[in-house]
Amino acid sequence: MSLLQMHYTSAPPGPDGAGFRFTAVSPGVPHAVLREAEQLVGYEPPRDAPARPSDAELGLFPEMFGFTRLSDGSGLLSRTVYTGADYSGRWGNFHAHAVLLPAGEPLPDDLPPIALWGAAEWADRSPEGGPPPPLDRLTPGLPDGLGPTLTAFAAGAGPRLAALLADLRRLAEDPQAPQVVLAEPDTRDVVHWLIVACAALPRDVARDLTFTTYTRRPQHARQQVVGVRPEDARAVAGQPHRYAVHDRADVRAEPPATGDVWALTAAAVWAAGATPLFKRVQRLPGAGPFAAGPLAALALTEDVPVPAGAVAEAARWAAAHPRALDEAALETFLRAVCDEDRPGALAPDALAALLAAFRDTVPLAVTAPVTARLLAAAVRDPAAAPPALPPGALPGPYRDRLAGDLGEPVRAGLATPATPHRRTAGLLRTALTLGVEHEDLLPGLAERLCRQVLDPAGADDAVREVLAASEPLRQRLLDLLETRAADHPEAVAAALRAARLPLDGPGDRPHLRLCAAAEPVRSGTANRTAVLAELLRRAGLDGGPGTPLVLRTAMGLVWPDRTPTAAEASSLLTRGPALHQAAGTWDHLVSAAVDAPANDADAPLLARMLLAEGPEALGRAVLGDLKLLSLVQALQHPDGDPTVPHGNLVHRVQALSQSARPAVQKRAAHALALLLLRPTRPAGEVRALAESNDPSLIDAYDKAARSPVLTDFLTAPHRVADCYLVWTAHQGVGPVWELTRTALLDEVLRPVVRRLPEDQLRAAADVLARTAPGRRAAFEEWCRPPGGVKQIFRRFAVRRPDKAPEPRWGDVRPPRDEGR
C-alpha cells in the first residue's frame, strides 16, 4: 500500500511566504485534497492553555488525532500536536502529519483507524530534504499495558459504555443520526473510548468510523465522533436531535440508559475483560452486524454476566445454529441459560424450544443441563407434567443431584389424590429415571386408578399414559380389576371396553380375561348358553371354568340381571349341581324356575330337575314352590306322568300351595283347571274341586273355561255334551262351585248352544245319551229359550254370590257322578 504524506505547520518567512501551510507533501496528492485537508488539520489550543508553555506543559496539550472521509471518497488520517508559541499567530504553532488512504482500500491488516493512534511513523515536525515519499504502512503502536487500562476503563464506564455503543450503532445504521460528542479533560480518554468502541463494533463499521479526538468547536466538526473538553461541550448541549453528548464530568446528568441488547452485551464483555470474544464472534454463522445473540452466546460460554435480554437472544441464535459451538462450549452455554440465579434465565417454554432445536443434532449428554432444568421445573410446578426422558438424557451427576433435589416433590405428587393423571405419569417416569423410591405409593395409586377405570365416565388416554409409565403399577391395577371382576364382572367388562387397557403380563387372571373377552349381550338373544360357551372359548377357558368362581363370573357377564330363563337354567344345570352350588349360582337356577313367567313351559321341568338333587340342596324357602312346579309338569303332561291317575290332584295342589308363592300357586291352579277341562280328565277330580270350595282353584277353573281356546272347542258336539254334564253336576256341594258352574252354563255354554245348528245340537244330545242317558231330556229342555219372567229370575239368582239358588220347578238334578 502507498500512503501519501502531508505535513502542515506554521512556516517561517520564505519564498512561499509565511504562516500556516503544507510544508512537505508526497508527490501525487491532489490540490483539492490539500484544500479540504487544510480545513481538517487546524489546531486551536484550549482556552485555559498557557500562552508561553514550558516543555512540560506542552505535553499536557490535547492531541488531535482523527480520521475523516474526504469528498472524493478517500480517507484522511491525521495527527496534530501543539508545538509552542512563536511568530505564527495568537494560537501559537502546531504541526499536523496526515496520510491519505485511497478510496475503497482499507488500512494494512484491515485495522480500524484508531489502532494507529500510537504508530511510530507519526512525526512532530516536517521532514527536511524535500517532499516525503509515500509510507508503505503505519505500524500500530499502542502503549504497553494499555489492555488492562482499557479493561478498567470500560468496567468503570458502566452503563455509559453501553449508551455510547448504542449511539454508534445508530450512526452506522442511519447517517442522519446525531453526532457523538465525547467530553473528556484528557484526549487520551477520548482515545480510550474509541479503542474500546471500535473493538466491539463490527469490523466494517469500525474501519469506516470517522472521528477526531479533539476540537474547540464541535458544532463545526464533520466527523461522526467528536472529542472535546468538557467546557467546549456546552456549545452542543441541549440538542439531542443533533448531538449525543457523553460527558463523564457532568455530575448533574443521569447515567445514560439504553435498551440496545447488543450494546449492553458488548459493554459486559469489555467489563469482564473478555475482548477476544469480539474477534471470535465474527467467525460464527449468523453473526450479522450488531447481532446480540452470537456475542451473548460466546460470553455465556466464558461465564460473562450478560444482561437479561441477551440470554434469550443467545438462545435463539444457538437454536438456529446448533452446530456453531463445540460440545464443551455448548454444554457450558446451556448450563448458563438454565441458571435460575442468572438475570434473564430462560423460562421452561423457551428451554423446551431450545432443547427441541438440538434434538438429533448433538449428544444427549451435552443437552443434559436443559433436560435437568426442564425436569426440575416440571416437577415443582403442580400443573405441569414432567417430560419423558430418553435413555442417556441425564448423565450420572445430573441424575444424582436431581434425585436429591426432587425426591420429595415427586413422592408428594404421587401421593396426592388430586394430582392430574398426565402429571402422575410424568412423575412416575421421573421417579424411575432418577431412582426415587416410590413402590410404597403404588397400592394407593393403583386403587385410585381402579376407581377411575370403573367410573361410568370411563378412563381417558391420560390413565393409559399413567399405566404405560410404570409396569409395576399396571400389574397392581390388573390385580385389583381381577378382584373386582369376580364380584362385578359386567362393570369391569364395560370399563375394559371403554379403557382399552393392555392386559398382558405375568399372573393368571381368568376373571379379567373373561371380562376382556365379553361383549354386551344383546336383548332378545335366543341362546345365551351358546354365548356362554363362546365366551369361555375366547377367554381360553373352553375346557370348562377352572374354578366355580370363574363360572360365576362368566354367568354374570352373559346374564347381567342374574336371571337365566328356565330353558337356559336347565342347560346350565348339566355342568353339575355341585359346581353351581360352589360358585353361588345355584340360587340363580332355582330362581329361574320359581320366578319364571306363567307362560314359560320349561320351568316345571327345571323344577323337577332341581328336586332330583334333594331337598338339602334347595332349602325350605323354595322347596314348596319347586314341588308345586313339578306337579304342574305332571298336570301339563298327564299322559306321560304315571303319578297323575293315582293322585288326588286337587288336594295335592291345595297342600303344596300352602308353602308356595302366589305366582306358582296361580300357575298350578291354571294347570289343574286346564286338566279338569279335558274330556280325559282324572275321575273324581271335578267333584274334589267342587267340594274344596277353594276360591282360587275354582276361579282359575272359571277363567280357563272362559278362555277363547275352550270356547272355540265348544263348537264340537262332544265338548258341548261334556261341559253340560260337568257344569250341571255336583249341585249344592259348595257355594263357590255352585255360583261358578251356573255362571258357566248361562254365560259360556248357553251362548254357544244358541248359535249351534240343529244337527249339531242333536249330535251333542246323542253324545250325552251315550255317556249319561238320563240327562238327555234335561239337556234338551235346557237348550230351549226360557220365558221372560223365568229368565229374569234366573239372572237375578245367578248374580247373587252370597246366596245359593233355591230349587226351582222343572229343574233336573243330574246324577252325583257326572261321568255316568
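Residue numbers start at 1 and run along the sequence shown.
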**Q** I'd like to check the side chain to side chain donor-acceptor pair (under 3.5 Å) partners of Asp595; sequence neighbours left out, ordered by chain and number.
**A**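 By the side chain to side chain donor-acceptor pair (under 3.5 Å) rule, Asp595 matches Arg661.
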
**Q** Mind listing the closest non-hydrogen atom pair of Gln636 and Arg678 along with its distance?
**A**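 Taking Gln636 first and Arg678 second, the nearest heavy atoms are O-NH2, 3.7 Å.
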
**Q** Under 4.0 Å between a side-chain nitrogen and a carboxylate oxygen: does that hold for Arg706 and Asp702?
**A**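 Judged by the 4.0 Å cut-off on N to carboxylate O distance, Arg706 and Asp702 do form a salt bridge.
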
**Q** Between Arg784 and Glu780, is the closest basic N to carboxylate O distance under 4.0 Å?
**A**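 Looking at Arg784 together with Glu780, the answer is no, because their closest N to O distance does not fall below 4.0 Å.
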
**Q** Can we say Arg429 and Glu465 salt-bridge, meaning some charged N sits less than 4.0 Å from an Asp/Glu carboxylate O?
**A**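 Glu465 and Arg429: salt-bridged.
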
**Q** To check you understand the geometry: which heavy-atom pair defines the closest contact between Asp722 and Arg681, and what is its length?
**A**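 Shortest heavy-atom separation between Asp722 and Arg681 comes out as OD1-NH2, 2.9 Å.
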
**Q** Quick test of your reading of the model: are Glu447 and Arg484 salt-bridged, counting only N-O distances below 4.0 Å?
**A**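 Yes, this pair counts.
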
**Q** Roughly how far apart are Arg741 CZ and Gln731 CD, rounded to 0.5 Å?
**A**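 With rounding to 0.5 Å, CZ (Arg741) is 4.0 Å from CD (Gln731).
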
**Q** Applying side chain to side chain donor-acceptor pair (under 3.5 Å), can you list everything that pairs with Trp586, at least two apart in sequence or on another chain?
**A**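 Residues passing side chain to side chain donor-acceptor pair (under 3.5 Å) with Trp586: none at all.
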
**Q** Leu672 and Leu635: which non-hydrogen atoms are nearest, and at how many Å?
**A**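 That would be N-CD1, 3.8 Å.
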
**Q** Please determine whether the number of non-hydrogen atoms from other residues, nucleotides or ligands lying under 6.0 Å from atom NE2 of His670 exceeds 12.
**A**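 12 or below, so no.
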
**Q** When you measure from the side chain of Ser630 to the backbone N and O of Lys627, does any donor-acceptor pair fall under 3.5 Å?
**A**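 Flag not set: sc Ser630 to bb Lys627 has no pair under 3.5 Å.
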
**Q** Is the NZ or CZ atom of Arg750 positioned over Trp782's six-membered ring, under 6.0 angstrom from the centre and within 45° of the axis?
**A**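 So Arg750 does make the cation-pi contact.
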
**Q** Salt bridge or not for Asp766 and Arg770, using N-O below 4.0 Å?
**A**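 The answer is no: the pair does not qualify as a salt bridge.
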
**Q** Does either side chain, that of Arg509 or that of Gln475, offer a donor lying less than 3.5 Å from an acceptor on the other one?
**A**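 The criterion, which ignores hydrogens and geometry beyond distance, is satisfied for Gln475 and Arg509.
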
